[in-house]
Amino acid sequence: MTAPGPVRILVCDDHVVVRAGLLALLDSAPGIEVAGEAGTGEEALALAAKLAPDVVLMDLQLGEGIDGVETTRRLTSGPGPRPHVLVLTTYDTDADITRAIEAGATGYLLKAERPEELFTAIHAAARGRTALSPPVASRVMAGLRNPRPSLTGREREILAQLARGLGNREIARTLFISEATVKTHLRRIYDKLGVDTRAGAVAVAKEQRLLP
């Protein structure tokens, strides 16, 4: 029985210095081979199609062009060989984590992790196993225990008007409802989102991607 070959990696990060550091680090890792590097999402897609890596190490913010989430979605749903995508980023908000996982990412690591943790996560991702940084895992578990609040269509409409900065009277006029009805909906929205101010409702709605 022949031993499995090294895990072939494509690194995608728009910061040249960060990318150089990652390449140097990965070159020293046992069982890992750097197949290529990309500075944009579009470049990552082209190289992945050409090089067929086992794992793409993906940053989320890529400057101009498509971002890491959209690149991940295309890599994991496109025709031909589909590499596993391991997100490596500094961003750990609920919205970023959710978007990346929903796009098909196998794992989500923070750049503050130790090199050994990164190497372990790469090998896990190559086998299709989920790899999450401890803070990310905690957020994911918290999200499972406290799922995204379910808002009605009317509540979402009112939230959207809040985000525009409209007052109760303006919202009522825009949606052809009474001010009393607006206030009733706002109380329900606040309860569901766990806030007690208009600004808090908008902030949570944006964080959890509840706005259209």
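Please read these numbers as outputs of a predicted model, since none were measured by experiment.
Taking all atoms of both residues into account, the shortest heavy-atom contact from Thr72 to Ala100 is CG2-O, 4.4 Å. Between Leu25 and Leu118, the shortest heavy-atom distance links the atoms CD2-CD2, 4.0 Å. When all heavy atoms of Ala131 and Ala124 are compared, the pair lying nearest together is CB-CB, 4.5 Å. Across Ala38 and Leu10, no two heavy atoms sit closer than the pair N-CD1, 4.4 Å. Among all heavy-atom pairs drawn from Ser77 and Arg82, the shortest one is O-NH2, 3.5 Å.
Side chains of Arg154 and Leu175 form a contact here, defined as non-hydrogen atoms less than 4.5 Å apart. Using a 4.5 Å heavy-atom threshold, the side chains of Asp13 and Leu57 count as separate. In this structure, Ile97 and Tyr91 have side chains that are not in contact, with every pair of non-hydrogen atoms separated by 4.5 Å or more. With contacts defined as side-chain heavy-atom distances shorter than 4.5 Å, the pair Met58/Leu75 qualifies. Thr71 places a side-chain heavy atom less than 4.5 Å from the side chain of Leu45. With contacts defined as side-chain heavy-atom distances shorter than 4.5 Å, the pair Val87/Leu109 does not qualify. Contact annotation: the side chain of Leu88 approaches that of Leu22 to within less than 4.5 Å [non-hydrogen atoms, C-beta and beyond]. For the pair Val69 and Asp96, the minimum side-chain heavy-atom distance is 4.5 Å or more.
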Requested in this report: Could you give me the CA-CA distance, side-chain angles and deciding distance for Lys192 and Glu155, then say whether salt bridge (Lys or Arg N to Asp or Glu O under 4.0 Å) is met?
Outcome: CA-CA 10 Å; Lys192 289 182 178 181; Glu155 288 166 351; 2.9 Å; yes

Requested in this report: Test Lys111 against Asp59 for side chain to side chain contact (heavy atoms under 4.5 Å, CB included), laying out the working first.
Outcome: CA-CA 10 Å; Lys111 288 181 177 177; Asp59 192 13; 3.6 Å; yes

Requested in this report: Report the C-alpha distance between Arg99 and Leu60 in whole Å, list the side-chain angles of each, state the deciding distance to 0.1 Å, and finish with yes or no for side chain to side chain contact (heavy atoms under 4.5 Å, CB included).
Outcome: CA-CA 10 Å; Arg99 289 176 64 227; Leu60 287 185; over 6 Å; no

Query raised in the report: Passes side chain to side chain contact (heavy atoms under 4.5 Å, CB included), His123 versus Ile32? Steps please.
Result: CA-CA 8 Å; His123 285 287; Ile32 295 175; 3.7 Å; yes

Query raised in the report: Are Leu110 and Tyr108 close enough, and set up right, to give a side chain to side chain contact (heavy atoms under 4.5 Å, CB included), and what steps lead you there?
Result: CA-CA 7 Å; Leu110 301 179; Tyr108 196 111; 4.1 Å; yes

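Residue His84 holds its NE2 atom at 11.0 Å from CD1 of Ile9, rounded to the nearest 0.5 Å. Taking CG of Leu166 as the start and CD1 of Ile158 as the end, the distance is 11.5 Å to the nearest 0.5 Å. Atoms CG and NE2, on Leu62 and His15 in that order, are 9.5 Å from each other to the nearest 0.5 Å. If you take CG on Leu159 and CG on Leu151, they are separated by 6.0 Å, rounding to the nearest 0.5 Å. One distance of note links CD of Glu64 with CG of Asp14; it measures 10.0 Å at 0.5 Å rounding. The distance from atom SG of Cys12 to atom CZ of Arg19, rounded to the nearest 0.5 Å, is 8.0 Å.
With a 6.0 Å radius and a threshold of 12 heavy atoms from other residues, nucleotides or ligands, Arg127 has its CZ atom above the threshold.
For the pair Glu117 (side chain) and Glu113 (backbone), a donor-acceptor distance under 3.5 Å is absent. In this structure a side-chain-to-backbone donor-acceptor pair under 3.5 Å is present from Arg8 to Leu51. Of the possible polar contacts, one joining the Glu42 side chain to the Ile66 backbone as a donor-acceptor pair under 3.5 Å is found. Between the side chain of Ser133 and the backbone N or O of Val136 there is no donor-acceptor pair closer than 3.5 Å. For Glu170 (side chain) and Gly167 (main-chain N/O), a donor-acceptor pair under 3.5 Å exists by modelled atom type. A donor-acceptor pair under 3.5 Å is absent between the side-chain atoms of Thr106 and the main chain of Ala126, judged by distance alone.
Checking Thr181 against Ser178 by side-chain atom types alone, a donor-acceptor pair falls below 3.5 Å. Checked by atom type, the side-chain pair Arg198/Asn168 shows a donor-acceptor distance below 3.5 Å.
A salt bridge is absent between Glu179 and Lys183: the closest approach of a Lys/Arg side-chain nitrogen to an acidic carboxylate oxygen does not fall below 4.0 angstrom.
If you chain together hydrophobic residues whose side chains sit under 4.5 Å apart, Val202 and Ile189 fall into the same group. Cluster membership check: Val11 shares its hydrophobic cluster with Leu86, using side-chain heavy-atom separations under 4.5 Å among Ile, Leu, Val, Met, Phe, Trp and Tyr.
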